[in-house]
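Worksheet: one structure, shown below.
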Amino acid sequence: MEYIYASLLLHAGKKEITEEAVKNILTAAGIDVDEVRVKAVVAALKEVNIDEVLKNATAMPVAAAPAAA
Amino acid sequence: MEYIYASLLLHAGKKEITEEAVKNILTAAGIDVDEVRVKAVVAALKEVNIDEVLKNATAMPVAAAPAAA
Amino acid sequence: MEYIYASLLLHAGKKEITEEAVKNILTAAGIDVDEVRVKAVVAALKEVNIDEVLKNATAMPVAAAPAAA
Amino acid sequence: MEYIYASLLLHAGKKEITEEAVKNILTAAGIDVDEVRVKAVVAALKEVNIDEVLKNATAMPVAAAPAAA
Amino acid sequence: MEYIYASLLLHAGKKEITEEAVKNILTAAGIDVDEVRVKAVVAALKEVNIDEVLKNATAMPVAAAPAAA
Amino acid sequence: MEYIYASLLLHAGKKEITEEAVKNILTAAGIDVDEVRVKAVVAALKEVNIDEVLKNATAMPVAAAPAAA
Amino acid sequence: MSIVEERKIPRWKLDEVSELEEKLKNSSTIMIADIQGFPTDKLHEIRKKLRGIAEIKVTKNTLFTIAAKRAGIDLSKIEGYITGSNAFIFSNDNPFVISIFLSKFKLKRFPVPGDKADEEVVIPAGDTGMTAGPILSTFGKLKVQTKVQDGKVHVVKDTLIAKPGDPIPAEAAPILQKLGIMPVYVKLRLKAAYHQGLLIPVSELEINLDTYRSMINEAFRNSLFLGVEIAYPVPEVLKLTLSKAHMRALALAGEAGFLTPDTASAVLSRAVSKAYAVLSAISGKVDLGVEVPKQPEQ
């Protein structure tokens, strides 16, 4: 999930999600960067309305599951 | 939420969540750092079992297969 | 349930749900018609917003409910 | 859904689900029949144990529909 | 499900769901095409507001974390 | 989701999920293919037991779909 | 301060100022706590618990102010808090760590008249060890059922006499004392922290860990939803994406009535659930002899 965290960090800070920016963050965190994955995530996010997704994340009724013990 | 995403990023990368590390990440993201909040987040997260919280967040609905499909 | 299915069939086909229509359908299906029930169902459905009811017919029952843990 | 309701109607009335029977019902309901869809539904249902499916379906939570005002 | 998956693929790619398009996809996947089903699925989907259905279709398979008390 | 639908299509047709196959499907659907994403998705899917996932998926309650008007 | 005046200052005061100055210079965190009315024995308890993390010192405001000035502390930031009776906490830890630490252990005390209960006050069943006498009428007032056995007061069953937030009946005090029940919490009231030139008021100093838990939960949920939406290519997320895609396919098949052997379950179930919904909408008026399935208890 590192790439998602980095992207949402940028999103929360109202910064553009670019390959460069994601790589900078991961590097600053001391995490090895997988170029392919960065590319894939950044490209995929371009097609998504993040605010919309986050709205659903908080609003959506989730399946009640018996809590894992 | 920036501070939280930064912390989760460190957690995912199995890095310690320190003031220094959080600040580095935020700075790399181009986000202004509020010293007091960094301190508060780092202190608070020391007391929180992040793995536990994440596990509960994803507790999957029972995997019991349907009686018959 | 035959009366309900016949009514839903009419509804899905955007036809009015009348005693006549329901009887026609049941007869065409080779099912004996109980006049009283036809009357009662048709009368009761007149007071129901079927679209609304269908919209709220939740939980697609694909599967067994989560087994009680 | 018309084809499905017609099939379920036949099933509820303990009649065999044939193309002929489904067409008769739809025609009686005043609904235009699409031969291809009748064929598709009837063929598919031959491979399905409807009783089994319905048993599981009724084991499921069904939303109590809000009473229409 | 192949026909539905193919249709959803077209929908996701913002392409029109036509018999031609569905057939092309199935063929490209190396799957034998059943003309009747192609016709049936395309006809059936014409009557449905796909976006609406998808929006409501998926309770995320993630359980709500029991709010840490 | 296009990559996922294409993968599920292959799975449903009992075909192997390869980069080549996914690309063929997307191309047939007239959808531009992002090589990097195909690679990433296909690689990750190799580690997933899709049958298992689908079996469990249907064990989950699904939210209401609105009535087809 | 003139030299003449300084000569008059008792030796212990001078020593104390030097000691304070030393602590101030060697601590990155200085916290000020209000100890007005704070029980001295509880302060000892805190001091013991803080050992190794922080030092707590009660001193006069004037002495502290002199020492702070000498230690180069920016007094303008803290002087507003140096009023009343204070304890000063010195540490090299993050001030929030100290604050959380202090909030974690509950110090309890016996109630005094006018106190509200911080937790349920229950008089437990059994031998109270109290000799039967006038105390019986106190039990009576508290509506605690008692019996006398071998001259001692026995409580018949566990009895709640105050819920959290309720005032504790004044007459209960001697009984609680005797039974060792301390239902009132004592908390060191932090006023502010001074840390590396920053002043952190108590409003920011108090950390609600649940808020952080729920923020993590939310951040993770957001990440997961986003990951699922973009088919983030790691197996754990793709599993959810596959599920979601599959559920969408089933829902679509169900709604469109596209019936094939593998969608039959979804399609028929959807039709049946709609039929039941209609049935239940009219069930008050029509008896079709069909039971509407009940929703199982969640």
Side-chain angles (χ1 to χ4, degrees), chain A, chain B:
Chain A
M1 296 294 275
E2 292 95 321
Y3 299 77
I4 302 281
Y5 292 143
S7 303
L8 280 174
L9 171 55
L10 287 164
H11 182 78
K14 303 206 190 320
K15 309 288 174 190
E16 204 188 342
I17 300 170
T18 63
E19 294 178 26
E20 192 62 23
V22 171
K23 273 192 275 185
N24 282 347
I25 292 172
L26 293 172
T27 307
I31 294 169
D32 288 339
V33 177
D34 175 337
E35 289 276 346
V36 171
R37 209 160 256 191
V38 170
K39 261 186 210 310
V41 166
V42 171
L45 287 176
K46 287 218 189 314
E47 295 170 31
V48 173
N49 180 338
I50 296 181
D51 282 319
E52 195 66 28
V53 173
L54 299 193
K55 214 175 65 190
N56 287 333
T58 36
M60 188 161 292
V62 272
Chain B
M1 293 293 273
E2 295 92 318
Y3 298 79
I4 300 294
Y5 285 126
S7 304
L8 278 175
L9 178 53
L10 288 165
H11 180 80
K14 304 203 189 323
K15 311 286 174 190
E16 206 189 340
I17 300 172
T18 63
E19 293 176 34
E20 192 61 22
V22 172
K23 275 193 272 187
N24 281 346
I25 292 172
L26 293 172
T27 306
I31 294 168
D32 289 339
V33 176
D34 177 334
E35 290 276 347
V36 172
R37 286 181 69 191
V38 170
K39 277 181 204 298
V41 167
V42 170
L45 293 187
K46 275 202 210 314
E47 300 293 321
V48 170
N49 183 339
I50 297 182
D51 281 321
E52 195 66 30
V53 174
L54 299 192
K55 207 180 74 187
N56 287 335
T58 49
M60 287 284 293
V62 204

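Sequence lines set the chain letters: A, B, ... in the order given, protein chains first and strands last, and positions in each chain run from 1.
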Pairwise distance CD1(A/I25) to OG1(B/T27) - rounded to 0.5 angstrom: 10.5 Å
Straight-line distance of A/I50 CD1 to A/E52 CD, nearest 0.5 Å: 12.0 Å
Among B/D32, B/N24, B/I31, residue most engaged with chain A (heavy-atom pairs, under 4.5 Å): B/I31
Nearest-0.5 Å distance that lies between atom CD1 in B/I17 and atom CG in B/L8: 7.0 Å
Heavy-atom pairs under 4.5 Å with chain A, option from B/G30, B/A21, B/A6 with the top count: B/G30
Proximity breakdown for B/L10 and chain A, heavy-atom pairs closer than 4.5 Å: side chain
A/L26 side, atom CG; A/R37 side, atom CZ - distance, nearest 0.5 Å: 11.0 Å
Chain B contacts, top residue of A/M1, A/H11, A/E2 (heavy-atom pairs, under 4.5 Å): A/E2
